[in-house]
Amino acid sequence: MLTCKKTALLSVVLVLGSLGALSSRPPQTSPAPADDQLNAGITLLAGRRYGEAIEAFARFKQAAPQDARGYFYLGMALAEAGSLAGAASEFEEAGRLAPARLENPIYQANVLLRLKQKNRATDLLDGLEKKGDVRQLAPAWLKILADDYFRLAKTEDALRILELLSERTPDDPDIDLNRGQIYVSLGRFDVALECLQRSLGKSRHNPIASFEVGKILYAQNELSSAKEALSAAVAQDNGNPKYLQKLGDACLALGETSQAIEHLKRAEASGPSFPEIYYSLGRAYQKSGERAKADEYMKKFQEATSAQR
């Protein structure tokens, strides 16, 4: 995934900004009474109160069954609540009612990709730019579109959308971060490093960019610089187990075994879902001469990887 924020949840500004644009009914001089339910749902969605938002959008749909907005926002709320299949169904109906809107297939494709339905997502996006000019979309929508293309391994399209974004919002550090992530996926690590450093130049509070830089430097055996970058990532997001695990590995490679164990123990609770932590702890205790503990963690690593498979 290409973003440093939760991709699926749009900002309040974007949600409110697209409120009228998705309507399939004729414009009115004053809001319909049912719009109160829609506005209430949007407020609840922005506040991450997904269950209540779902109820509000369902009531709006009952009052205005031909209005695409109800289906679209209900799809958003269901997606955020984890009901991806239900969300996909709502987006399908929103697309039928408002076929010219570009936002719906972008979000629908994002949900389908999370459902591992790549063929359906590809069909949606293949016809997307024939419907209209994506340059009219708000930057947040373009970010989701770039993420959709990246998930489909359409890296040229993803980079093209990011270039369009950079023209609109040149100071946004996420754009260079996303470019860096794409170039990492392509194995072009020197170019990726340049992009990630530009992202850090625009925002020092940038843990994902620091982490990506640290990974590249670690792979290039620039261990001291890797540790510095990974330490910055951990300092900004100190509960992230992936950051702690990689920092532990860097410390271990530098011969700083006690520091490595300290970082890895902080991440240990995430071991069942991220077994590499157990593996790194096993290596660290092996280096410290504590063979029994090393064996214990290697056993945990094997059990956790077997459980995942």
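Remark: Arg69 engages Asp35 in a salt bridge, criterion side-chain N to carboxylate O under 4.0 Å. Under the 4.0 Å criterion applied to side-chain N and carboxylate O atoms, Lys202 and Asp176 are assigned as salt-bridge partners. Here Glu90 pairs with Lys61 in a salt bridge; the nearest charged N to carboxylate O distance falls below 4.0 Å. Taking 4.0 Å as the cut-off between side-chain N and carboxylate O, Arg151 and Asp148 do not count as a salt-bridged pair. Look at Lys246 and Glu276 and you find no salt bridge, because none of the NZ, NE, NH1 or NH2 atoms lies under 4.0 Å from a carboxylate O. Under 4.0 Å is where a charged nitrogen must lie from a carboxylate oxygen, and between Lys118 and Asp123 no such pair does. A salt bridge between Glu93 and Arg96 is present, with a side-chain N of the basic residue lying under 4.0 Å from a carboxylate O of the acidic one. With respect to Asp295 and Arg291, a salt bridge is recorded, a charged nitrogen being found less than 4.0 Å from a carboxylate O. For Lys293 and Glu296, the salt-bridge test fails: no basic side-chain N is under 4.0 Å from an acidic carboxylate O. A salt bridge is defined here as a Lys NZ or Arg NE, NH1 or NH2 lying under 4.0 Å from an Asp or Glu carboxylate O, and Glu163 with Arg160 fails to meet this definition.
The two atoms that bring Ser288 and Thr257 nearest to each other are CB-CG2, 3.9 Å, heavy atoms only. Between Ser273 and Gln308 the shortest heavy-atom distance is O-NE2, 2.9 Å. What you find for Ala77 and Ala53 is that their closest heavy atoms are CB-CB, 4.3 Å. For the pair Ser280 and Leu252, the tightest heavy-atom approach, listed with the atom from each and the gap, is O-CD2, 4.4 Å.
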### Task
Test ring pair (Phe, Tyr, Trp, His ring centres under 6.0 Å) on Tyr71 and Phe91 and set out the steps.
CA-CA 6 Å; Tyr71 301 89; Phe91 288 129; over 10 Å; no

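Leu142 has its side chain out of reach of Ile144: every pair of non-hydrogen atoms, C-beta onward, lies at least 4.5 Å apart. Proximity of Leu125 to Leu145: side-chain heavy atoms (C-beta onward) are separated by under 4.5 Å at one or more points. Asp249 places none of its side-chain heavy atoms less than 4.5 Å from the side chain of Leu230.
Counting heavy atoms of neighbouring residues, nucleotides and ligands inside a 6.0 Å radius, atom CD of Gln236 exceeds 12 of them. Taking a 6.0 Å sphere around CG of Asp190, one finds it holds 12 or fewer heavy atoms contributed by other residues, nucleotides or ligands. For NZ of Lys242, the number of neighbouring non-hydrogen atoms (other residues, nucleotides, ligands) closer than 6.0 Å is 12 at most.
Residues Leu78 and Leu84 share a single hydrophobic cluster, defined by chaining ILVMFWY side chains whose heavy atoms lie under 4.5 Å apart. Residues Leu244 and Leu223 do not share a hydrophobic cluster, defined by chaining ILVMFWY side chains whose heavy atoms lie under 4.5 Å apart. No continuous path of hydrophobic side-chain contacts links Tyr218 to Phe189 [ILVMFWY only; heavy atoms under 4.5 Å].
Atom CD of residue Gln117 and atom CG of residue Leu112 lie 5.0 Å apart, to the nearest 0.5 angstrom.
Remark: the backbone N or O of Leu45 is not paired with any side-chain donor or acceptor of Glu80 at under 3.5 angstrom.
Remark: the Thr43 side chain and the Arg49 side chain contain no N/O donor-acceptor pair separated by less than 3.5 Å.
Between Tyr285 and Tyr297, the gap from one ring centroid to the other is short of 6.0 Å. Taking the six-membered ring for Trp, Tyr279 and Phe301 have ring centres closer than 6.0 Å.
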